[in-house]
Structures are given as C-alpha cells and as structure tokens.
Amino acid sequence: MTDARKDADRGASPPREVSPWALAGLGMQFVVALLCFVYAGNWVDARFHTAPVGLLVGVFVGGGGSFVLGVRRIMRQS
C-alpha cells in the first residue's frame, strides 16, 4: 500500500449506522407515495376511460420514484 493510501485510510471516518426509525420512515414514504399515485392513476382512468393505463403508470411512478429516493437517502447517510 502506498503512503498516500495509508494516510487516506487513517483519516476516513467509520460508516454511520442507519437508524431503524429512518428506515421505518422510508417505508412509510414508499407506501404513502404509492397510494397517492395509485389514487391519481385511478382518477385518470375514470376521467379519460383508459382502464389500466393510469393505474399502471401510477404504480411504476410512485413505487419507482420512492425506491430511487430511498436508495439515494440511504447512500447519503452511509
């Protein structure tokens, strides 16, 4: 190992633990976002008579968006 690498290892702080409450909050964020987007998708389907399209878009946008934001928050904390 080079001297620069040894110095970098000494100055590095250990990774912080993620709080269980933060993880529970992420779970609630996921569920609430998913429910809101599913509701919006159902409303779009009822309004424009596009039976499963709005619902599927709502599921993917709500679930996918919440998943990406949750992963980004966890990566930022560690």
Which side-chain N or O atoms in residues 46-67 pair as donor and acceptor under 3.5 Å with protein atoms at least two apart or in another chain?
unit_1	atom_1	unit_2	atom_2	d
T50	OG1	D45	OD1	3.1
S66	OG	G62	O	3.0

Legend entry - Distance, nearest 0.5 Å, that separates CG of L35 from CZ of F30: 10.0 Å

Legend entry - Spacing of Q77 atom CD and L23 atom CG [to the nearest 0.5 Å]: 8.0 Å

Report all side-chain donor-acceptor pairs from residues 37-44 shorter than 3.5 Å, counting only partners two or more places apart or in another chain.
none

Inset, instruction - Sort out for me which residue in V31, I74, V71 forms a side-chain contact (heavy atoms from CB on, under 4.5 Å) with L26. - result: I74

